[in-house]
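Structure record follows, encoded as structure tokens.
Protein chains get the first letters and strands the later ones, always in sequence-line order, with residue 1 at the start of each.
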Number of protein chains: 2
Amino acid sequence: MSAAAALTPERILEATEEVLRRYGPTKATVVDVARALGVSHGSVYRHFPSKAALREAVTDRWLGRTVGVLERITAEPGRPAAEKLAAWLAALFEAKRHKAGDDPELFATYTVLLAENSRVVDAHLSELVAQLARIVAEGADAGEFSVPDVPAAARAVFDATGRFHDPQYAPEWSRPEIAAAFEAVSALVIRGLRA
Amino acid sequence: MSAAAALTPERILEATEEVLRRYGPTKATVVDVARALGVSHGSVYRHFPSKAALREAVTDRWLGRTVGVLERITAEPGRPAAEKLAAWLAALFEAKRHKAGDDPELFATYTVLLAENSRVVDAHLSELVAQLARIVAEGADAGEFSVPDVPAAARAVFDATGRFHDPQYAPEWSRPEIAAAFEAVSALVIRGLRA
DNA sequence: CGGATGACAGATTTCAATATTTGTCATTCG
DNA sequence: CGAATGACAAATATTGAAATCTGTCATCCG
């Protein structure tokens with residue numbers, strides 16, 4: 001075994017994130033990633049078939065990080081569905097708003113990656129809608145919500161709150177009125193589900 | 001008076017629309033507009049202070065055309081507010097979907113103009129939200145809706161249905177599932193207003 | 001022998017020279 | 001005299017030649 005750690009997909013992804021953070025989505029090259037790892041760019045191609053695949057994997061990782069917090073809220077037992085739904089929507093908005101506000105450049109970088117990788121994004125969105133469906137189904141079982149078609153309702157909730165999680169609206173999230181606008185939509189949608 | 005009709009802002013706007021349709025937003029120049037009118041480009045600048053102002057005026061005109069249909073629905077007397085609101089939202093979606101579907105290139109051209117002219121767009125959106133507020137207020141007065149803050153509720157309805165009128169989502173509007181998704185959000189939102 | 005290398009061809013991006021466009025205004029025209 | 005013109009400077013866009021990057025693969029190294 002050599003002095004440096006073995007070259008793994010994991011290490012390559014880490015380095016790619018760093019390079020993207022430093023150079024942005026247009027300037028970051030595979031050669032940069034290889035240089036950051038102290039290997040030739042040919043070695044990177046041993047673990048990822050293309051630059052596109054590498055960027056896709058990084059995008060997937062980034063999206064995955066948000067899902068954990070939401071999953072915890074979804075799985076929380078013994079809490080009214082309406083409250084849980086409100087908490088879930090607020091957590092999603094909060095997470096996005098922080099990512100966008102803390103480091104706008106990095107957020108812009110990932111917004112570009114998101115646009116490039118619609119397959120990964122679609123899978124991520126499906127996962128989020130599936131979590132919503134679990135909460136909505138819980139509410140329906142408890143008689144809290146009156147919902148004929150749970151998946152459709154979950155999708156509708158997600159669509160209706162798009163302004164507060166779709167990155168295209170990120171510039172609006174730093175405006176002061178945004179909190180009130182979010183509360184209004186969140187409340188409207190939850191009322192719409194009620195029995 | 002010369003043989004040709006007098007040069008008016010109206011005629012210039014017409015010619016500008018035609019040039020934008022033909023050449024698209026990046027290639028359309030003030031010289032092209034002047035050529036279409038058979039005058040020198042200096043004459044165009046007698047009626048509009050800049051190319052930006054000209055494009056802004058064209059954008060305003062284009063947005064104005066949709067408002068008429070919606071205003072007629074808003075003003076219709078003796079109709080339940082819930083029904084009116086459903087019709088209004090459906091009409092807005094229908095209008096956008098047709099504009100986008102009938103001539104995608106022209107729609108793309110105007111999408112670029114919209115992005116350039118956020119002042120005009122904001123004014124247009126305010127007008128739409130004001131119409132929504134009238135319908136919501138009617139419903140509240142009739143005891144059909146239970147709404148503590150009418151302007152906020154109107155804004156929330158508009159925000160929640162963004163996926164079906166914001167041009168950024170236009171590519172989704174040709175998908176077959178879109179009608180069901182629209183119905184689901186529309187119904188959810190209207191239920192959320194109900195007393 | 002399995003993993004890493006770097007030379008290479010084709011694709012893509014950059015950059016600077018060149019051309020076009022915007023906006024002004026002194027002059028012309030009816 | 002008021003509206004229209006077109007020459008012009010500054011700003012912007014286009015182009016194509018040079019540089020860089022992606023992806024492959026014959027070769028090397030431990």
Side-chain angles (χ1 to χ4, degrees), chain A residues 1-59 105 108-109 111-113 115-117 119-120, chain B residues 1-59 105 108-109 111-113 115-117 119-120:
Chain A
M1 202 202 262
S2 64
L7 190 58
T8 60
E10 176 62 25
R11 283 190 62 224
I12 293 173
L13 290 176
E14 219 117 285
T16 305
E17 281 186 6
E18 178 55 24
V19 167
L20 280 166
R21 191 190 327 277
R22 262 233 259 290
Y23 300 104
T26 58
K27 294 287 180 63
T29 72
V30 176
V31 173
D32 291 330
V33 173
R35 188 170 21 242
L37 289 161
V39 300
S40 74
H41 75 281
S43 298
V44 172
Y45 281 96
R46 181 161 299 282
H47 295 91
F48 292 92
S50 67
K51 185 190 184 185
L54 182 55
R55 288 164 78 105
E56 191 176 275
V58 168
T59 305
E105 268 189 68
T109 291
T111 301
V112 171
L113 291 182
E116 267 173 19
N117 295 286
R119 297 173 68 78
V120 167
Chain B
M1 206 203 259
S2 65
L7 189 59
T8 60
E10 175 63 23
R11 284 190 61 225
I12 294 173
L13 289 175
E14 219 117 286
T16 305
E17 281 185 6
E18 178 55 23
V19 167
L20 279 166
R21 191 190 328 277
R22 263 235 259 288
Y23 300 104
T26 58
K27 294 287 180 63
T29 72
V30 176
V31 173
D32 291 331
V33 173
R35 187 169 24 241
L37 289 161
V39 300
S40 74
H41 75 280
S43 298
V44 173
Y45 280 96
R46 182 161 300 282
H47 295 92
F48 291 91
S50 67
K51 184 191 185 186
L54 182 54
R55 287 164 79 104
E56 190 175 275
V58 167
T59 305
E105 269 190 69
T109 292
T111 302
V112 170
L113 291 183
E116 267 173 19
N117 294 287
R119 297 172 68 80
V120 168

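- B:Ser40 comes within 4.0 angstrom of a nucleotide base, judged by non-hydrogen atoms across all strands.
- Put simply, CZ on B:Arg55 is 13 Å from P on C:dT21, counting in whole angstrom units.
- A:Tyr23 places its OH atom 15 Å from the P atom of D:dT20, with the value rounded to the nearest Å.
- Rounded to whole angstrom, the span from the NE2 atom of B:His47 across to the P atom of D:dG2 amounts to 15 Å.
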Practice item. Show your reasoning for whether side-chain contact (heavy atoms from CB on, under 4.5 Å) applies to A:Val44 and A:Thr16. Key: CA-CA 10 Å; A:Val44 172; A:Thr16 305; over 6 Å; no
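- B:Thr59 and B:Leu113 get closest at one heavy-atom pair: OG1-CB, 3.5 Å.
- Between A:Phe48 and A:Leu13 there is a side-chain heavy-atom pair separated by less than 4.5 Å.
- Using a 4.0 Å heavy-atom criterion, one finds that A:Val31 contacts the bases of the nucleic acid, with or without backbone contacts as well.
- Here B:Ser43 reaches the OP1 or OP2 of D:dT5: one of its side-chain N or O atoms lies under 4.0 Å away.
- Listed candidates were D:dA4, C:dA4, D:dG23. Nearest to the side chain of A:Lys51 is D:dG23.
- Considering all non-hydrogen atoms of both residues, A:Thr109 and A:Gly24 come closest at OG1-CA, 3.9 Å.
- Remark: C1' of D:dC29 and CG of A:Leu7 are 17 Å apart, rounded to the nearest angstrom.
- In this structure, B:Arg35 atom CZ and C:dT20 atom P are separated by 12 Å, rounded to whole Å.
- Residues A:Thr26 and B:Pro49 both approach DNA chain C. Their nearest nucleotides, taken by heavy-atom distance, put A:Thr26 toward the 5′ side.
- One interatomic measurement links the two molecules: CZ of B:Arg11 to P of D:dA4, which rounds to 10 Å at whole-angstrom precision.
- Each of C:dT21, D:dG23, C:dT14 was ranked by its minimum atom distance to the side chain of A:Lys27; first place goes to C:dT14.
- A donor and an acceptor atom sit less than 3.5 Å apart, one in the side chain of B:His41 and one in the base of C:dG23.
- Rounded to an integer number of Å, the gap from CZ of B:Phe48 to P of C:dT21 is 20 Å.
- Nearest-nucleotide assignment on DNA chain C puts the 5′-proximal partner with A:Val39, out of B:Thr29 and A:Val39.
- The existence of a salt bridge linking A:Glu18 and A:Arg21 is confirmed by a sub-4.0 Å separation between a basic side-chain nitrogen and an acidic carboxylate oxygen.
- Distance B:Tyr45 OH to C:dT22 P: 5 Å, rounded to the nearest Å.
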